[in-house]
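What follows is a short report on a single structure.
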Amino acid sequence: MNTLLAVALVVCAPGYPGSTQEAQPAMDALARELSQGSHLTVTASYDETAQGGLRSVKRPDAGLVLATLPFFLEHERDLHLTAKLLAVPQDGQPLQTWTLVAGKDHPAQLDGYAVQSLAGDAPRFVRAVAPLVPKDAHIAASSSVLSGLRKAANGEKLAVLLDGAQAASLKTLPFAQSLATVSTSAPVPVAVVATVGKKIPAAQWKALEAAFKAVPKESLAGIQMSGFAPLDEAALSKAREAYRKAQ
């Protein structure tokens, strides 16, 4: 096992706003904090797509991943990822529920409905957290949540899967009374910090773990995070089990 002299952190959040170029100043700020805190050389980059994140994690210097739960579950095995910490979003908690919403008069089975979500590029994850989504439903990735909710409220055969922050703001919409909750998932991690393969020895990870936990909030504002929390093994195990059962 070779110890990496420089550790690359790959941050991947498919579906969420922001491009690789726009995020680089925030990545540089995070890398500086991690480097100073761990006394290691850490670099960081952001990928806005799952494909880009996958390519970046396969680089020889990529030893760490900070990724949304859908990306982590989809690639945990093939990339040999080991979850270590949970990321805490701004004004949120490390665990969140996913809420499936449709028009108020939706049928119980949602037959013929399409589904859109920030997590739409991971259809298996969508079905894991929203088992009522029909097997033949078209699932699309979309960041236009407001537009989708308005269509659903107007009676279109469309359901929208919301993350925790989106669901929390649902009641503020002027057409909220025309929407109804179809299902709500169990609490699952928002995002996970993981090591890649066996590139990070235990001593290096111990230093990095302390550095992650010590990063000040202001250095995380650019990636809409507020800190890092211990791994919730029970919540992650439940998410894995739901993902395993989903098709």
Side-chain angles (χ1 to χ4, degrees), residues 10-18 46-57 65-89 92-102 110 113-145 148-149 152 158-168 170 181-194 196 224-225 231-247:
V10 176
V11 181
C12 188
Y16 288 84
Y46 173 77
D47 283 283
E48 60 202 274
T49 67
Q51 294 81 4
L54 194 57
R55 287 193 298 269
S56 295
V57 178
V65 175
L66 166 55
T68 55
L69 184 63
F71 183 92
F72 173 81
L73 290 176
E74 186 168 357
H75 298 292
E76 181 179 11
R77 290 189 177 183
D78 61 290
L79 295 178
H80 306 288
L81 304 180
T82 300
K84 296 291 188 179
L85 293 169
L86 299 184
V88 183
Q93 300 296 321
L95 301 182
Q96 67 177 353
T97 56
W98 288 80
T99 303
L100 186 65
V101 175
L110 296 184
Y113 274 59
V115 178
Q116 73 174 45
S117 174
L118 284 171
D121 62 347
R124 186 174 177 181
F125 176 82
V126 169
R127 291 193 167 90
V129 295
L132 294 180
V133 170
K135 291 184 178 181
D136 60 350
H138 174 68
I139 299 174
S142 176
S143 58
S144 302
V145 174
L149 289 172
L158 177 67
V160 184
L161 181 64
L162 306 174
D163 67 12
Q166 293 167 342
L170 190 62
T181 296
V182 178
S183 66
T184 302
S185 75
V188 296
V190 175
V192 177
V193 176
V196 182
Q224 298 182 346
M225 296 285 175
L231 189 65
D232 189 324
E233 293 280 7
L236 184 56
S237 293
K238 289 180 181 179
R240 282 196 191 103
E241 180 63 14
Y243 189 80
R244 184 188 66 79
K245 292 179 178 178
Q247 296 181 5

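Predicted, not measured: the structure shown is a model, and the values here were computed from it.
- When every heavy atom of Gln96 is checked against every heavy atom of Gly164, the shortest pair comes out as OE1-N, 2.9 Å.
- Between atom CG of residue Leu54 and atom CG of residue Leu79 there is a gap of 5.5 Å, rounded to the nearest 0.5 Å.
- Between Gly148 and Leu158, the shortest heavy-atom contact is O-CD2, 3.5 Å.
- Nearest heavy-atom pair across Cys12 and Ala50 is SG-CA, 4.3 Å.
- Formation of a donor-acceptor pair under 3.5 Å by the Arg127 side chain with backbone atoms of Pro134 is found in this model.
- Contact check for Ser183 versus Thr99: no side-chain heavy atoms found under the 4.5 Å cut-off.
- The side-chain heavy atoms of Leu86 and Leu231, taken from C-beta on, include a pair separated by under 4.5 Å.
- A distance of 12.0 Å separates CZ in Arg244 from OG in Ser237, rounded to the nearest 0.5 Å.
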Exercise for review: Quick one: do Val126 and Leu100 satisfy side chain to side chain contact (heavy atoms under 4.5 Å, CB included)? Show the steps, please.
Suggested key: CA-CA 9 Å; Val126 169; Leu100 186 65; over 6 Å; no
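- The side-chain heavy atoms of Leu66 and Leu85, taken from C-beta on, include no pair separated by under 4.5 Å.
- Atom OH of residue Tyr113 and atom CD1 of residue Ile139 lie 15.5 Å apart, to the nearest 0.5 angstrom.
- In plain terms, the two heavy atoms of His138 and Ala140 that are nearest each other are NE2-CB, 3.9 Å.
- Asp232 places a side-chain N or O within 3.5 Å of a backbone atom of Ala234 that can act as its donor or acceptor partner.
- Taking Asp78 as the reference, His75 meet the side-chain hydrogen bond (donor to acceptor under 3.5 Å, both in side chains) condition, with sequence neighbours excluded.
- Judged by distance alone, with hydrogens and angles left aside, the side-chain atoms of Ser117 form a donor-acceptor pair with the main-chain N or O of Leu161 at under 3.5 Å.
- Under the 3.5 Å distance criterion, the side-chain polar atoms of Glu76 are left unmatched by any main-chain donor or acceptor of Ala83.
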Exercise for review: List the steps and the verdict of side chain to side chain contact (heavy atoms under 4.5 Å, CB included) for Val182 and Val101.
Suggested key: CA-CA 5 Å; Val182 178; Val101 175; 5.9 Å; no
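- Shortest non-hydrogen contact noted between Ala137 and Val115 is CB-CG2, 4.5 Å.
- Interatomic distance, Ser142 OG to Asp121 CG, rounded to the nearest 0.5 Å: 11.5 Å.
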Point to revise | Steps toward side chain to side chain contact (heavy atoms under 4.5 Å, CB included) verdict (Leu149, Leu170) | key: CA-CA 9 Å; Leu149 289 172; Leu170 190 62; 3.8 Å; yes
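- Within the 4.5 Å cutoff, the side chain of Asp163 has heavy atoms near those of the Trp98 side chain.
- In this structure the side chain of Ser143 reaches within 4.5 angstrom of the side chain of Leu118, judged on heavy atoms.
- Gln116 and Ser144 get closest at one heavy-atom pair: NE2-O, 3.2 Å.
- Taking the charged nitrogens against the carboxylate oxygens, Glu241 and Lys238 have no contact shorter than 4.0 Å, which rules out a salt bridge.
- Atom CG in Leu73 sits 9.0 Å away from atom CZ in Arg124 (nearest 0.5 Å).
- Residues Thr97 and Pro187 form a side-chain contact, since some pair of their non-hydrogen atoms from C-beta on lies under 4.5 Å apart.
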